[in-house]
Amino acid sequence: MADGVAVNQAIRKAIITPRFKCLIYDNQYGSEIEDVFITHDASREYIAAAAEGFVRDALRTDSRILVVYDFQFAFVGDKAEIFFRADTIFGQTEVNEVVY
(Lines give C-alpha, C1' and ligand atoms only; values in the text may rest on other atoms or scores of the structure.)
Protein backbone atom coordinates (compact mmCIF):
# COMPACT_ATOMS: atom_id res chain seq x y z
CA MET A 1 0.00 0.00 0.00
CA ALA A 2 2.73 2.47 0.96
CA ASP A 3 4.68 1.67 -2.21
CA GLY A 4 1.64 2.53 -4.33
CA VAL A 5 1.32 5.89 -2.57
CA ALA A 6 5.02 6.56 -3.12
CA VAL A 7 4.76 5.88 -6.85
CA ASN A 8 1.71 8.16 -7.07
CA GLN A 9 3.70 10.94 -5.39
CA ALA A 10 6.63 10.30 -7.73
CA ILE A 11 4.32 10.66 -10.75
CA ARG A 12 2.98 13.98 -9.53
CA LYS A 13 6.43 15.29 -8.64
CA ALA A 14 7.92 14.31 -12.01
CA ILE A 15 5.12 16.11 -13.84
CA ILE A 16 5.29 19.40 -11.93
CA THR A 17 9.11 19.62 -11.71
CA PRO A 18 10.42 21.65 -14.65
CA ARG A 19 13.09 19.79 -16.61
CA PHE A 20 16.46 21.52 -17.09
CA LYS A 21 15.66 24.23 -14.49
CA CYS A 22 16.37 22.46 -11.19
CA LEU A 23 20.09 21.97 -10.75
CA ILE A 24 19.68 19.17 -8.21
CA TYR A 25 18.22 16.88 -10.90
CA ASP A 26 19.86 15.56 -14.04
CA ASN A 27 18.40 16.36 -17.45
CA GLN A 28 16.33 13.15 -17.44
CA TYR A 29 14.09 14.22 -14.53
CA GLY A 30 11.00 16.39 -14.70
CA SER A 31 8.78 17.52 -17.53
CA GLU A 32 8.64 20.29 -20.07
CA ILE A 33 4.89 20.68 -19.68
CA GLU A 34 5.33 24.24 -18.40
CA ASP A 35 6.83 25.26 -21.74
CA VAL A 36 3.61 24.36 -23.56
CA PHE A 37 1.67 26.90 -21.55
CA ILE A 38 4.22 29.66 -22.02
CA THR A 39 3.33 29.67 -25.72
CA HIS A 40 0.36 31.98 -25.33
CA ASP A 41 -0.94 31.62 -28.87
CA ALA A 42 -1.15 27.81 -28.68
CA SER A 43 -4.55 26.23 -29.14
CA ARG A 44 -6.08 24.01 -26.49
CA GLU A 45 -5.79 21.06 -28.86
CA TYR A 46 -2.06 21.66 -29.26
CA ILE A 47 -1.62 22.06 -25.50
CA ALA A 48 -3.41 18.77 -24.82
CA ALA A 49 -1.39 16.86 -27.42
CA ALA A 50 1.97 18.30 -26.42
CA ALA A 51 1.32 17.96 -22.69
CA GLU A 52 0.44 14.28 -23.10
CA GLY A 53 3.78 13.68 -24.80
CA PHE A 54 5.67 15.54 -22.08
CA VAL A 55 3.95 13.53 -19.35
CA ARG A 56 4.82 10.26 -21.09
CA ASP A 57 8.41 11.41 -21.48
CA ALA A 58 8.68 12.50 -17.83
CA LEU A 59 7.46 9.14 -16.57
CA ARG A 60 9.43 6.98 -19.00
CA THR A 61 12.49 6.82 -16.73
CA ASP A 62 10.60 5.40 -13.73
CA SER A 63 10.70 1.61 -13.99
CA ARG A 64 7.76 1.28 -11.58
CA ILE A 65 5.45 2.84 -14.17
CA LEU A 66 4.45 0.39 -16.89
CA VAL A 67 2.07 2.44 -19.06
CA VAL A 68 0.13 5.72 -18.96
CA TYR A 69 -3.12 6.18 -20.86
CA ASP A 70 -6.64 7.63 -20.96
CA PHE A 71 -5.53 11.27 -20.99
CA GLN A 72 -8.13 13.98 -20.47
CA PHE A 73 -7.71 17.72 -20.14
CA ALA A 74 -9.95 20.37 -18.64
CA PHE A 75 -9.40 24.09 -19.04
CA VAL A 76 -11.04 26.16 -16.33
CA GLY A 77 -10.33 29.87 -16.61
CA ASP A 78 -6.57 30.25 -16.80
CA LYS A 79 -5.93 26.83 -15.22
CA ALA A 80 -5.37 23.51 -16.94
CA GLU A 81 -5.98 20.14 -15.31
CA ILE A 82 -4.76 16.81 -16.57
CA PHE A 83 -6.25 13.43 -15.75
CA PHE A 84 -4.78 10.08 -16.74
CA ARG A 85 -4.41 6.52 -15.58
CA ALA A 86 -1.15 4.70 -15.01
CA ASP A 87 -0.47 1.03 -14.59
CA THR A 88 2.38 0.53 -12.14
CA ILE A 89 4.02 -2.51 -10.64
CA PHE A 90 1.72 -1.93 -7.65
CA GLY A 91 -1.52 -1.71 -9.65
CA GLN A 92 -3.50 0.99 -11.41
CA THR A 93 -3.57 4.59 -10.23
CA GLU A 94 -5.41 7.68 -11.39
CA VAL A 95 -3.74 11.05 -11.51
CA ASN A 96 -5.62 14.34 -11.52
CA GLU A 97 -3.28 17.31 -11.36
CA VAL A 98 -3.42 21.03 -12.05
CA VAL A 99 -0.51 21.55 -14.41
CA TYR A 100 -0.75 25.28 -15.01
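As the structure is a prediction and not an experimental result, all values here were calculated from the model.
- The two residues Gln92 and Tyr69 come nearest to each other via the heavy atoms NE2-OH, 2.5 Å.
- Closest approach of Val68 to Ala86, counting heavy atoms only: CG1-CB, 3.8 Å.
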Decide yes or no on side-chain contact (heavy atoms from CB on, under 4.5 Å) for Phe75 and Ile47, but give the supporting numbers first. CA-CA 10 Å; Phe75 296 92; Ile47 290 171; 3.9 Å; yes

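- Expressed to the nearest 0.5 Å, how far CD1 of Ile11 lies from CZ of Arg64 amounts to 8.0 Å.
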Step by step, would you call Thr93 with Arg85 a side-chain contact (heavy atoms from CB on, under 4.5 Å)? CA-CA 6 Å; Thr93 187; Arg85 290 183 172 90; over 6 Å; no

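- Taking all atoms of both residues into account, the shortest heavy-atom contact from Val55 to Ile82 is CG2-CD1, 3.7 Å.
- For Thr17 (side chain) and Gly30 (main-chain N/O), no donor-acceptor pair under 3.5 Å exists by modelled atom type.
- Glu32 and Asp57 make their closest contact through OE2-OD2, 4.3 Å (heavy atoms, listed as atom of the first residue, atom of the second, distance).
- Counting all heavy atoms, side chain and backbone alike, Glu94 lies closest to Arg12 at O-NH2, 4.2 Å.
- Note that the OG atom of Ser63 and the CD1 atom of Ile89 stand 6.5 Å from one another [nearest 0.5 Å].
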Derivation and outcome, side-chain contact (heavy atoms from CB on, under 4.5 Å), residues Val95 and Phe84: CA-CA 5 Å; Val95 177; Phe84 63 91; 3.8 Å; yes

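- Nearest heavy-atom pair across Tyr29 and Ala14 is OH-N, 3.5 Å.
- Between the CG atom in Asp70 and the CZ atom in Phe83 there is a gap of 6.0 Å [rounded to 0.5 Å].
- Rounding to the nearest 0.5 angstrom, the gap separating the CZ atom in Phe71 from the CD atom in Glu52 is 4.5 Å.
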